[in-house]
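Report on one structure; see the data block that follows.
Keep in mind it's a predicted model, so treat the numbers as computed, not measured.
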Amino acid sequence: MYTIRKCKWLKSYVPDYEATFLKSVRVKVRTALYVSEETRCKISEVARKIGTGRVSVIGYVENILRNHLELYKEEINRLHREQNSRDLL
């Protein structure tokens with residue numbers, strides 16, 4: 001799903017930022033998702049300045065959330081199973 005590289009300052013493996021988050025993504029059906037004004041401004045600035053036409057703000061947020069859900073899928077399901085009988089994701 002994404003490229004992983006060694007991050008020296010974190011001393012762990014992280015996804016390649018550009019390949020993972022700044023790639024174009026097609027979102028067919030959109031719904032509203034609200035964030036604070038401060039977060040919206042930061043996200044917009046990143047998409048504009050380093051996305052340089054490759055990714056929209058919507059695409060950038062979509063990539064971040066997809067990555068988060070994939071990365072934490074097992075933990076999300078484990079927490080959900082503590083209260084329910086099946087996986088959530």
Exercise. When you check the gap from the basic side-chain N to the acidic O, do R78 and E75 get nearer than 4.0 Å?
Worked result: yes

Exercise. Same hydrophobic cluster for L89 and L79, using side-chain heavy-atom links shorter than 4.5 Å among ILVMFWY?
Worked result: no

Problem set entry | Rounded distance (nearest 0.5 Å) linking atom CG of N67 with atom CD of E62 | 11.5 Å

Exercise. Are V27 and F21 connected in a single hydrophobic cluster, I mean Ile/Leu/Val/Met/Phe/Trp/Tyr linked by side-chain heavy atoms less than 4.5 Å apart?
Worked result: no

Exercise. Where do R26 and R66 come nearest, in terms of heavy atoms and distance?
Worked result: O-NH2, 4.4 Å

Problem set entry | Gap between atom CG of N63 and atom OH of Y17 - 0.5 Å precision | 9.5 Å

Exercise. Any ion pair linking R40 and E37 (charged N to carboxylate O, less than 4.0 Å)?
Worked result: yes

Problem set entry | Verify same cluster id: I64, V55 (apolar side-chain graph, 4.5 Å) | yes

Exercise. Under 4.5 Å between side-chain heavy atoms, hopping through other hydrophobics if needed: is there a path connecting L69 to L71?
Worked result: yes

Exercise. Can any side-chain N or O of N77 pair as donor or acceptor with the backbone N or O of D87 at less than 3.5 Å?
Worked result: no

For this session: Mind checking ring-ring contact (aromatic ring centres under 6.0 Å, His included) for H80 and listing every partner two or more places apart, or none if nothing turns up?
Result: none

Exercise. Side chains of V57 and R48: does their closest heavy-atom pair fall under 4.5 Å?
Worked result: no

Exercise. Do L22 and I58 sit in the same hydrophobic cluster, where Ile, Leu, Val, Met, Phe, Trp and Tyr count as joined when their side-chain heavy atoms come under 4.5 Å apart?
Worked result: no

Problem set entry | Residue pair K23 / T20: nearest heavy atoms and the distance that separates them | CE-O, 3.6 Å

Exercise. Do the side chain of R54 and the main chain of G51 share a donor and acceptor less than 3.5 angstrom apart?
Worked result: yes

